[in-house]
Number of protein chains: 2
Amino acid sequence: MSQPGAALHLHLAAFAALSSADRKLLDAAVARKVRTIGPRKDIISEGERPRVVNVLLSGWAMRYKQLSDGRRQILSFFIPGDLCDANVFILGQMDHSIGTLTEVTYAEISATDFEHMMECSTRITKALWWSELVTLAVQREWTTNIGQRSAYERLANMFCELLARLHLVGLADGNSFDFPLTQNDLADATGMTAVHVNRTLQQLRRDGLIDLNNRHVTVTDPEGLKAAAQFNPNYLHLDGGVSN
Amino acid sequence: MSQPGAALHLHLAAFAALSSADRKLLDAAVARKVRTIGPRKDIISEGERPRVVNVLLSGWAMRYKQLSDGRRQILSFFIPGDLCDANVFILGQMDHSIGTLTEVTYAEISATDFEHMMECSTRITKALWWSELVTLAVQREWTTNIGQRSAYERLANMFCELLARLHLVGLADGNSFDFPLTQNDLADATGMTAVHVNRTLQQLRRDGLIDLNNRHVTVTDPEGLKAAAQFNPNYLHLDGGVSN
DNA sequence: CGAAGGATTGATTAGTCTCAACGCAAGTGG
DNA sequence: CCACTTGCGTTGAGACTAATCAATCCTTCG
């Protein structure tokens, strides 16, 4: 990625083509405060007060909740271009944590900068709303995934979603992509145990749907994987918004 | 509920006290187009294009997804005062359906009315953002609930959440409230089967935590229920926003 | 009175978890 | 440069939660 804001442009461009003025506005907001942080660290923890909007520029991160007895649910993955909740600073405290999976660079956008951005461009405002609505839709899909689908379908779905999203921001090379998650992470994201993830992955490999090793995934049979997952990408709303 | 918009006022007032001007603005938006619809009907179905923002005035509704093989995941419950996604009309099509559980009255707010309302009052705009962020937080909690908790904990959680939310809009009488869901609905909301819901409810009753019959719930041991659920209401963000 | 929807119960099975061990590769310190 | 540690993936055996299938009961309502 040659330029820090590139993934963000691509992310929002899924909703609407941005003008060069829009892009400048975004780049300015994203350039103000850039941070780098190592893998497996919290960017912000449950209970803290959110003061800024974070935008992921490179690396992978996750949203998660930890229960008092140690159980952890990963709620979503952040890939470059993703926003960690527009306007979160309205809330008094975080109800979950955001942590890194790899080394990560991210931009902090202050409340005033964020609001300024929304005042300056209706197109950006709508794109941010779109992004927020898609975040919600993804969360609903995860609820459905965990609530209704079998272990096999769940994992298939996860790979379908990640492939689609990574593709969007130019981080998938055809049907393959770098995949920094451990089987334990995958377990906590899908509501299963690491042992069962392991066995289910073997099944997916045996069925020739995916190839996963060395932190790299290749979807060897995209159509088969989609079918196994009953994957319907409508919830990603990549068809371009209504108001374009 | 003496007045149609009352639940909405109470809902938003959880974030910030509204001025009488704000209240008038809301009432006007909510009075423009009010509809009534019977139980077990769709208000809007997956695949349709959303054109308005719906606000529930009375009755219960749900958000759900239906898989091609008939499995259904209920994604959230709507009670009076709830908004069905601010700015949804930005999206090209619904990725899920919204259906009623009881007879329902709801208001349709057009895109222009909605945008007008946000332009007129920053307080309302923020309250709507708050509401949207809470919707997201609730969805995350449901993901966690289904992904990490046992059947027993899941149901306990559901009752804790509903009690808290109903209380907010004045629909809980102490620790009890009307509860129009069937065990089958509860099953589809928690990712279990109706049979297992039945058995788990019996356990909750035997443990003296709740009393459920005739479409009415009484939480007989609120503290016990919260403990069993490991219920932490922080995700409802009822502490009042930061910017008050 | 009969029909229908929902709640309840029982018996059996399947899917997933638990616990425990082992393998492998990469990294670290002496 | 080797011994040790550590993190992650893999395997096996057994236990248990929750699903499945099917029957029965209860209540409500036309």
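Each chain gets a letter, A, B and so on, in the order the sequences are listed, and its residues count up from 1. In this text, all values refer to a predicted model and were calculated from it rather than measured experimentally.
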Regarding Arg215(B), tell me which of base, sugar-phosphate or nothing describes its non-hydrogen contacts under 4.0 Å with the strands shown. sugar-phosphate
Between Met192(A) and Asn214(A), who's closer to the 5' end of DNA chain C by nearest nucleotide? Met192(A)
Whole Å only: how far is the CD1 atom of Ile146(A) from the C1' atom of dT16(C)? 15 Å
What is the distance, rounded to the nearest whole Å, between atom CZ of Phe179(A) and atom P of dG9(D)? 10 Å
Base of dG10(C), side chain of Arg199(B) - is there a donor-acceptor contact under 3.5 Å? yes
Please determine whether a side-chain nitrogen or oxygen atom of Arg205(B) lies at a distance below 4.0 Å from atom OP1 or OP2 of dA7(C). no
With Arg63(A) as partner, the option from Asp85(A), Asp82(A), Ile43(A), Ile74(A) fulfilling side-chain contact (heavy atoms from CB on, under 4.5 Å) is Asp85(A)
Send over the distance from Asp185(B) CG to dG6(C) P, rounded to a whole Å. 8 Å
Could you check which of dG6(C), dA22(D), dT10(D) has an atom nearest any side-chain atom of Gln183(A)? dT10(D)
Has the side chain of Thr100(B) got a donor or acceptor atom that lies under 3.5 Å from a matching backbone atom of Arg40(B)? yes
What's the closest nucleotide to the side chain of Ser150(B) if the choices are dC8(D), dA18(D), dA7(C)? dA18(D)
Taking only the side-chain heavy atoms of Gln202(A) (C-beta and beyond), determine which of dA19(D), dT8(C), dT10(D) contains the nearest atom. dT10(D)
Nearest-Å distance, CG (Leu181(B)) to C1' (dG5(C))? 15 Å
Report which part of the nucleic acid Arg149(A) touches: base, sugar-phosphate, or nothing (heavy-atom distance under 4.0 Å, all strands). nothing
Between Tyr235(A) and Trp142(A), does the ring centre distance come in under 6.0 Å? no
N/O donor-acceptor pair under 3.5 Å between Asn54(B) side chain and Glu108(B) backbone: no
For Leu186(A) and dT16(C), give me the distance from atom CG to atom C1', rounded to whole Å. 16 Å
Counting distance only, does the side-chain N/O of Ser97(B) pair as donor-acceptor with the main-chain N or O of Glu46(B) below 3.5 Å? yes
Kindly check if the number of other-residue, nucleotide or ligand heavy atoms within 6.0 Å of CG (Asp69(A)) is above 12? yes
Atom-pair distance (CG on Asn184(A); C1' on dT6(D)), nearest Å: 15 Å
Can you tell which of dT8(C), dC17(C), dG9(D) lies closest to the side chain of Thr193(A)? dC17(C)
Side chain of Asn198(B) only, heavy atoms from C-beta on: which candidate in dA7(C), dT16(C), dA20(C) is closest? dA7(C)
For a quick check of understanding: with a heavy-atom distance under 4.0 Å over all strands, which category does Ala194(A) fall into, base, sugar-phosphate or nothing? nothing
From the set dA7(C), dA22(D), dC19(C), return the single nucleotide nearest to any side-chain atom of Val195(A). dC19(C)
Round to a whole Å and report the spacing from CZ of Arg71(B) to C1' of dA19(D). 13 Å
By nearest-heavy-atom nucleotide on DNA chain D, the more 5' of Leu201(A) and His196(B) is Leu201(A)
Over how many whole Å does the gap from Leu155(B) atom CG to dA18(D) atom C1' extend? 12 Å
